[in-house]
There are 2 protein chains.
Amino acid sequence: MTTQREIARRAKTSLKTVSRVINRDPLVNAKTRARIEAIVAELGYEPSQAARMMRSQRSNIIGFLADQVATSASSIDLVRGAQDAAWECGKQMMLFNIERGTPSQDLADAQLAAFRAEAVVYAAVYHQPVELPPSAVPRVLLNCFDPGGGQHAIVPDDYQLAATLMDEVLDRGYRRPAFLNLNRAIVASGLRAAGITDAARNRGLDMTGRIHEVVVGREHHGQPQFIADRIVPELMSVSPESRPDVLICGQDILAMDVYFVLSELRLKVGQHVAVASFDNREPIASLLKPGLSTMELPYYEMGRAAMLAAINPPPAPETVRLPGKFIERGSLQPFHTLATHRTGSNPNA
Amino acid sequence: MTTQREIARRAKTSLKTVSRVINRDPLVNAKTRARIEAIVAELGYEPSQAARMMRSQRSNIIGFLADQVATSASSIDLVRGAQDAAWECGKQMMLFNIERGTPSQDLADAQLAAFRAEAVVYAAVYHQPVELPPSAVPRVLLNCFDPGGGQHAIVPDDYQLAATLMDEVLDRGYRRPAFLNLNRAIVASGLRAAGITDAARNRGLDMTGRIHEVVVGREHHGQPQFIADRIVPELMSVSPESRPDVLICGQDILAMDVYFVLSELRLKVGQHVAVASFDNREPIASLLKPGLSTMELPYYEMGRAAMLAAINPPPAPETVRLPGKFIERGSLQPFHTLATHRTGSNPNA
DNA sequence: TCTGTTTTTGACAACGTGAGACAATCATGG
DNA sequence: CCATGATTGTCTCACGTTGTCAAAAACAGA
């Protein structure tokens with residue numbers, strides 16, 4: 001492998017001058033610099049990171065511990081955002097897929113220690129509390145938080161997401177929303193229920209009795225369990241004038257399930273009832289017919305924010321909540337376009 | 001940061017003896033070893049990779065260039081497989097998300113050179129030919145191949161995948177399959193058509209006129225374009241006795257689209273027509289109702305194989321085709337369970 | 001106790017880079 | 001020719017680890 005010594009030999013100059021050129025020391029004659037740079041380019045020389053790490057005592061490496069994240073498609077954007085941010089800061093991100101509590105975590109920690117990582121981002125697969133053993137290096141929690149609040153954390157602002165979505169729903173004239181919520185054990189569940197309830201109350205609508213827990217569990221390594229096939233038919237079995245005019249789903253894959261249930265009931269999304277959701281999980285959201293109007297979770301921005309916080313640790317740990325944005329598609333048109341509204345007909349009759 | 005020197009100082013021994021203990025050199029007195037190991041554990045010492053890389057002139061690092069892979073959920077398993085294999089071999093994998101032709105590729109190459117990566121895995125987002133500039137280190141192509149054949153490559157065996165799926169279809173008694181193929185520009189398209197055609201011919205079935213190109217393009221950064229809403233109604237508009245009894249889709253998201261089109265036609269998957277597909281893309285495949293029977297692409301195994309080949313380069317470059325496996329769900333039941341077969345009724349009538 | 005052998009330990013150098021101290025060389029202007 | 005400043009070179013050390021080789025210690029046999 002090429003070294004500065006080799007470059008110096010070829011350029012018939014000294015090691016020190018080569019070092020000056022590499023490190024952009026201005027005290028070098030333009031012609032000499034050009035000659036050396038030409039040789040550097042010709043040989044494709046890159047200074048050895050190992051040697052630099054040794055010399056400078058800085059690794060420029062940030063670890064990214066992805067706790068089961070890689071098994072979940074939605075959170076790739078966490079990785080992408082972090083990767084891009086690290087890149088922009090001239091840092092190197094080292095990714096590890098781990099499972100909390102298994103040896104993989106210890107192995108990853110050992111590797112990161114061996115590389116003298118300067119900080120670590122710990123990412124969870126969904127917004128949840130985690131308790132981790134203390135860390136020797138600065139740590140940022142991503143999509144999770146320390147119940148004690150002692151760790152800097154980046155999470156989605158589930159309250160804002162829900163409130164924003166509710167505003168969009170109400171703006172379009174809907175007045176009988178049903179919220180098909182996640183399992184109540186999930187952090188997002190309570191936050192979203194609050195956001196939806198508050199946003200509704202601000203507009204004079206009471207959500208009491210309109211929130212239903214439809215995701216009943218999270219199988220290990222599997223899909224969540226939905227009971228939309230039990231709840232939705234019940235909700236929709238009353239007259240078109242009093243049944244829900246919009247179903248707000250806790251996640252896109254639940255919305256997909258709801259589409260199928262509605263199809264069984266011969267109810268068309270966008271014609272007989274509107275649907276809105278959370279996640280903007282592609283390709284599902286845009287492939288559903290009609291396309292699913294949904295709140296996009298700010299995964300990419302969260303990944304960025306976590307990496308930036310890892311690189312420049314904040315003075316005091318804090319929980320940063322990032323807002324999501326509404327993605328409009330066909331499933332949530334203005335209320336007056338619903339067939340049930342236009343005609344008053346009951347397609348079940 | 002703790003060093004061996006520090007350990008030696010505390011253990012009142014020499015640097016070299018500490019080094020021997022760290023490297024499990026048997027030529028160390030048991031008592032000395034125990035004393036040193038106690039201090040190592042107490043201080044949580046990990047040998048510096050940077051120094052080891054310097055000393056040994058080996059980085060133990062394998063680069064993984066993911067060309068737009070991170071934007072596609074399906075290929076996370078490529079990354080997971082590679083990561084796990086690297087791990088098992090005591091290697092460190094360095095992941096880069098790049099886009100071919102953009103500066104990101106050069107930056108990633110520079111970084112890998114700086115870290116003196118021993119080999120590189122180059123992964124594409126779908127099975128395709130790629131031509132890359134020559135590389136200074138061994139390179140393995142993953143989910144892509146060099147048209148000149150000069151590079152070791154790991155790809156899915158699309159011919160086998162299709163032939164296996166066709167066998168499963170025929171085993172269940174179907175005799176009027178329609179294959180809704182990918183865009184013909186995609187490599188997999190031709191391979192699968194051949195696999196399906198050959199497997200059918202082996203069982204006395206001629207596929208002429210039964211293969212339709214339904215995926216018409218691949219938008220940049222977007223979803224493919226389907227024309228299932230044009231083709232499927234046409235195919236299904238003839239009598240139940242002569243129309244297709246099974247629709248084999250080129251990918252799961254197309255299958256999802258087909259489900260919706262069939263629903264529009266008031267045809268139920270599994271009752272009026274069977275569906276089979278390629279990808280086993282979760283959560284779609286298991287959330288569709290009924291669940292989608294589909295050929296799983298061996299992404300995890302491909303990632304593993306690529307990493308292993310990068311770590312132990314084969315004597316001569318070769319294109320390795322890995323088989324997929326059939327995942328059975330409700331969309332492809334035995335033919336005799338179809339309602340059209342049992343009753344002969346035409347639900348369109 | 002002495003000699004010879006084996007076991008255990010230690011001194012030193014080197015990997016590639018970067019920095020400081022300082023000397024040597026060169027070009028330019030007066 | 002000298003003064004000045006710009007440029008380049010020499011030399012040294014340090015980062016943490018490990019291979020080479022030699023020294024020291026422990027042990028066995030006489």
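Given the structure is predicted, the values throughout are model-derived calculations rather than measurements.
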How long is the line joining [atom1] of [X] and [atom2] of [N], in whole Å?
| X | N | atom1 | atom2 | answer |
| --- | --- | --- | --- | --- |
| A/Arg5 | D/dG9 | CZ | C1' | 14 Å |
| B/Asn60 | C/dC15 | CG | P | 20 Å |
| B/Gln4 | D/dG19 | CD | P | 11 Å |
| B/Lys31 | C/dT7 | NZ | P | 18 Å |
| A/Met53 | D/dC15 | CE | C1' | 12 Å |
| A/Asp25 | C/dT17 | CG | C1' | 15 Å |
| A/Leu15 | D/dC11 | CG | P | 12 Å |
| B/Arg52 | D/dC15 | CZ | C1' | 16 Å |

Inset, instruction - Answer yes when A/Arg304 and A/Glu88 have at least one side-chain N-carboxylate O distance shorter than 4.0 Å, and no when they do not. - result: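 Yes, this pair counts.
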
Legend entry - Carboxylate-amine/guanidinium proximity below 4.0 Å for A/Lys91 and A/Glu118: yes

Inset, instruction - May I ask you to check whether B/Asn143 and B/Tyr126 show a side-chain donor-acceptor distance below 3.5 Å? - result: no

Quick check on [N]: is either OP1 or OP2 less than 4.0 Å from any side-chain nitrogen or oxygen of [X]?
| X | N | result |
| --- | --- | --- |
| B/Gln49 | D/dG16 | no |
| B/Gln57 | C/dG16 | yes |
| B/Thr13 | C/dG10 | yes |
| B/Ser48 | D/dT17 | no |

Inset, instruction - For B/Ser56, answer base if it contacts any base atom (sugar-phosphate contacts may also be present), sugar-phosphate if it contacts only those atoms, and nothing otherwise; contact means non-hydrogen atoms under 4.0 Å. - result: nothing

Inset, instruction - Would you mind classifying the nucleic acid contact of A/Thr3 as base, sugar-phosphate or nothing, using non-hydrogen atoms under 4.0 angstrom? - result: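 Answer is sugar-phosphate: A/Thr3 comes under 4.0 Å of backbone atoms only.
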
Listed nucleotide nearest any side-chain atom of [X], set [options]:
| X | options | value |
| --- | --- | --- |
| A/Arg116 | D/dT7, C/dT9, D/dT17 | D/dT17 |
| B/Thr17 | C/dG16, D/dG16, C/dT9 | C/dT9 |
| A/Ala51 | C/dG16, D/dT17, C/dG18 | C/dG16 |
| B/Ser14 | C/dG18, C/dG16, C/dA11 | C/dA11 |
| B/Met54 | C/dG16, C/dG18, C/dG10 | C/dG16 |

Within the sub-3.5 Å range, which N or O atoms of nucleotides 20-25 of chain D have a protein N or O partner, and how far apart are they?
none

Legend entry - Heavy-atom neighbours of A/Arg33 CZ exceed 12 at 6.0 Å: yes

Inset, instruction - Count the heavy atoms belonging to other residues, nucleotides or ligands that lie under 6.0 Å from CD of B/Glu37, then report whether that count exceeds 12. - result: yes

Legend entry - Polar side-chain atom of A/Thr2 near backbone of A/Tyr45 as donor-acceptor pair, under 3.5 Å: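 No; judged by distance alone, with no hydrogens or angles, the pair does not exist.
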
Inset, instruction - Go through the steps to decide whether B/Asp146 and B/Gln151 satisfy the test side-chain hydrogen bond (donor to acceptor under 3.5 Å, both in side chains), and finish with yes or no. - result: CA-CA 6 Å; B/Asp146 176 21; B/Gln151 302 264 317; 5.1 Å; no

Inset, instruction - Look up atom CZ in B/Phe145 and atom NE2 in B/His152, then write down how far apart they are to the nearest 0.5 Å. - result: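 Reported to 0.5 Å precision, the distance equals 14.5 Å.
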
Inset, instruction - Hey, which sits more toward the 5' end of DNA chain D by its nearest nucleotide, B/Met1 or A/Arg35? - result: A/Arg35

Inset, instruction - Please tell me which of A/Ile22 and B/Thr32 maps to the more 5' nucleotide of DNA chain C, matching each residue to the nucleotide holding its nearest heavy atom. - result: B/Thr32

